[in-house]
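Computed over heavy atoms, backbone and side chain alike; hydrogens, waters and symmetry mates excluded. Note that the structure is a prediction, hence the values are computed from the model and not measured.
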Amino acid sequence: MDEGMQQFQHSLIELEIEAEHLLLARNQVIENDKERNGNREALTALRKRAKTTKTSIKFPFESIMKDIGKSGSKNVPLVKEICGTCGNHDEKEKTWMMFPGSDVFACIPFHAAHTILDKDQERLEYEAKKLQSYVKEKTLLISEKGVLADKISPGVLRSLVTLTDKPK
C-alpha cells in the first residue's frame, strides 16, 4: 500500500473514532435528560404535596418585616429561614424516596427528600452543560477534518457507498 493510501486510511480511522465519541456523548445527553426530567417531575410532585410553587414562597425579608411589626419581643429570631419548596409545610413529615442510582426506598423527612433532589438536579444540569459543550467540540473537530467528498470526488464516493459483494 502506498503512503498516500496509508495516510488516508489513518485519517479515516481517526475520523471514525471521533464520530464514535460523538455518538456516545449524544446518547449520554439523552440519558441525562431522562434523569433530569424524572427529577423535575419528583420535585413538582413534592411542591404539589406542600402546596407551593417556585414563586409562592415569600422572601425571608418580607416575613421578617411582618414579624418585627407584630412582636416587640426579642425572642423572635431576626432571620427566619424559609425553604423555597417546603414553605410552611411540616418539614419533619416523612416521605418515601428511592435514592438516585439505587433500588433502595427509604422513608425520610420531606425537607431532606427535596434537598437531595435539588442537589441532584443541580449536578445533572452541570453535567448536561458539560456534555453539550463536549458534543459541540467533537462536532467542530469532525467538521474541521473535512468530509470525504472534499478529498474524493463525489462519483467515486457514491460508488464506494453502493459497492456490494457479489458471490462468484
How long is the span from the [atom1] atom in [X] to the [atom2] atom in [Y], to the nearest 0.5 Å?
{"X": "Glu16", "Y": "Leu23", "atom1": "CD", "atom2": "CG", "value": "10.0 Å"}
{"X": "Leu12", "Y": "Met5", "atom1": "CG", "atom2": "CE", "value": "9.0 Å"}
{"X": "Glu137", "Y": "Ile142", "atom1": "CD", "atom2": "CD1", "value": "11.0 Å"}
{"X": "Leu131", "Y": "Ile30", "atom1": "CG", "atom2": "CD1", "value": "11.0 Å"}
{"X": "Glu127", "Y": "Asp33", "atom1": "CD", "atom2": "CG", "value": "11.5 Å"}
{"X": "Leu124", "Y": "Asn32", "atom1": "CG", "atom2": "CG", "value": "5.0 Å"}

Taking all atoms of both residues into account, what is the closest heavy-atom pair of [X] and [Y], and its distance?
{"X": "His114", "Y": "Leu43", "result": "O-CD2, 3.9 Å"}
{"X": "Phe110", "Y": "Ala50", "result": "CZ-CB, 3.7 Å"}
{"X": "Ile116", "Y": "Met97", "result": "CG2-CE, 3.4 Å"}
{"X": "Lys94", "Y": "Arg49", "result": "O-NH2, 3.2 Å"}
{"X": "Ala113", "Y": "Thr95", "result": "CB-CG2, 3.6 Å"}

Any Lys/Arg nitrogen of Lys129 or Glu125 sitting under 4.0 Å from an Asp/Glu carboxylate oxygen of the other?
no
Using the side-chain hydrogen bond (donor to acceptor under 3.5 Å, both in side chains) rule, take Arg36 and Asn39 through it: C-alpha gap first, then chi angles, then the decisive distance, then the call.
CA-CA 5 Å; Arg36 278 179 37 216; Asn39 252 18; over 6 Å; no
Same cluster (ILVMFWY, side-chain, under 4.5 Å), Leu22 and Val29:
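Yes, because Leu22 and Val29 connect within a single hydrophobic cluster, where side-chain heavy atoms sit under 4.5 Å apart.
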Test of understanding: clusters of I, L, V, M, F, W, Y form through side-chain heavy atoms closer than 4.5 Å, transitively. Do Met98 and Trp96 belong to the same one?
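Yes, Met98 connects to Trp96 through the hydrophobic network.
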Carefully, step by step, assess Arg123 and Glu35 under the rule side-chain contact (heavy atoms from CB on, under 4.5 Å).
CA-CA 11 Å; Arg123 179 187 59 82; Glu35 194 173 346; 3.7 Å; yes
Can you confirm whether the side chains of His10 and Gln6 place a donor and an acceptor under 3.5 Å from each other?
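Per modelled atom types, His10 and Gln6 side chains form no pair under 3.5 Å.
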Using side-chain contact (heavy atoms from CB on, under 4.5 Å), reason through Gln121 and Leu117 one step at a time and then give a plain yes or no.
CA-CA 6 Å; Gln121 189 74 1; Leu117 286 172; over 6 Å; no
